[in-house]
Protein chains: 2
Amino acid sequence: MADELFKALADATRRTILDELAERSGQTLFEICTRLSQKHGLAISRQAVSQHLAVLEAAGLVVSRREGRYKFHDLDAAPLEHLAERWTRPHREDTA
Amino acid sequence: MADELFKALADATRRTILDELAERSGQTLFEICTRLSQKHGLAISRQAVSQHLAVLEAAGLVVSRREGRYKFHDLDAAPLEHLAERWTRPHREDTA
DNA sequence: TTGACATGCAAGTGTCCGCTTACCTATCGT
DNA sequence: ACGATAGGTAAGCGGACACTTGCATGTCAA
């Protein structure tokens with residue numbers, strides 16, 4: 001659970017995708033591809049973005065809803081809220 | 001910078017080391033090895049821990065001070081303070 | 001219905017990463 | 001000085017991961 005979360009955040013492209021969804025929610029796969037390419041200068045294939053979104057979704061950072069042939073993606077920042085409290089607050093025990 | 005930070009957090013063993021240093025600061029390499037093995041049941045070599053500490057130190061999460069033949073390690077939670085604000089606050093642009 | 005569009009699935013590839021193994025350096029006690 | 005202790009360096013291995021390539025599925029407009 002926490003492992004999937006940290007692993008999802010470990011990749012710079014995935015963090016950029018989160019940035020993109022934070023700025024404009026409800027984007028489709030192609031929209032994300034286009035904006036990654038144009039705004040961020042990232043040359044990345046559609047399939048690669050699709051796989052990144054799957055990882056983010058498995059970590060609970062992205063939720064998706066399907067409408068017809070479109071699939072819209074939204075950021076869910078809730079898992080990020082208390083990410084580092086484990087170390088920033090006086091010691092609690094937590095599972096890795 | 002942010003990349004090293006997230007990469008450092010991506011490994012479960014390194015997160016456990018941070019837990020350990022949060023609970024008791026100023027531990028040496030051998031102390032950390034011992035406690036990882038005993039408290040957390042992790043079978044891990046000294047060299048592996050040493051490499052993990054190097055990664056954590058490169059990320060600014062651990063600072064070390066040498067005294068004689070001992071090297072003491074301390075947690076620095078400062079880089080963790082505003083880790084996720086990038087996504088939890090209304091959008092700011094940040095570099096990946 | 002047919003073609004274009006949006007997405008999904010899966011195998012293959014190259015690279016990075018965590019770990020081990022083996023050896024080396026430095027400091028302390030006796 | 002010598003051995004023991006604490007730590008450092010570097011090469012090599014196996015697995016995980018990001019990405020590509022190729023094909024399949026599903027939806028909509030004309």
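Numbered from 1 within each chain, the chains take letters A, B, ... in sequence-line order.
- The CG-P distance, from B:D11 to D:dC17, rounds to 11 Å in whole Å.
- When the P atom of C:dC17 is taken as reference, atom CZ of B:F6 falls 16 Å away, rounded to whole Å.
- Here the side chains of A:L18 and A:V62 are in contact, with some heavy-atom distance below 4.5 Å.
- The shortest distance between side-chain heavy atoms of B:L9 and B:L61 falls below 4.5 Å.
- If you measure from atom CZ of A:F72 to atom C1' of C:dT7, you get 13 Å, rounded to the nearest angstrom.
- If you take CG of B:L53 and P of C:dG18, they are 13 Å apart, rounded to a whole angstrom.
- Within residues 26-36 of chain A, the residues having any heavy atom under 4.0 Å from DNA chain C are, by residue number, A:T28, A:L29, A:F30.
- With rounding to the nearest 0.5 Å, the separation of NE2 in B:H82 from OG1 in A:T88 is 10.0 Å.
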Using a cut-off of 4.0 Å between protein heavy atoms and nucleotide atoms, how would you tag nucleotides 20-30 of chain D 5' to 3' with B, S and -? BBB----BS--

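- Heavy-atom minimum distance, B:P79 versus B:D76: CD-O, 3.2 Å.
- When rounded to the nearest whole Å, the span between CD of B:E4 and C1' of C:dC16 equals 15 Å.
- For the pair A:D3 CG and D:dA16 P, the interatomic distance rounds to 13 Å; values are reported in whole Å.
- The side chain of B:K71 lies closest to D:dG7, out of D:dC17, D:dG7, C:dG18.
- Atom OG1 of B:T16 sits about 6.0 Å away from atom CG of B:L42, to the nearest 0.5 Å.
- B:H40 NE2 to B:E20 CD: the interatomic distance, rounded to the nearest 0.5 Å, is 4.5 Å.
- Contact check for A:L56 versus A:H73: no side-chain heavy atoms found under the 4.5 Å cut-off.
- With a 4.5 Å cut-off on side-chain heavy atoms, B:R65 and B:D74 count as touching.
- Phosphate contact (OP1/OP2 of D:dC19, side-chain N/O of A:H52, threshold under 4.0 Å): present.
- The shortest distance between side-chain heavy atoms of A:L29 and A:K71 does not fall below 4.5 Å.
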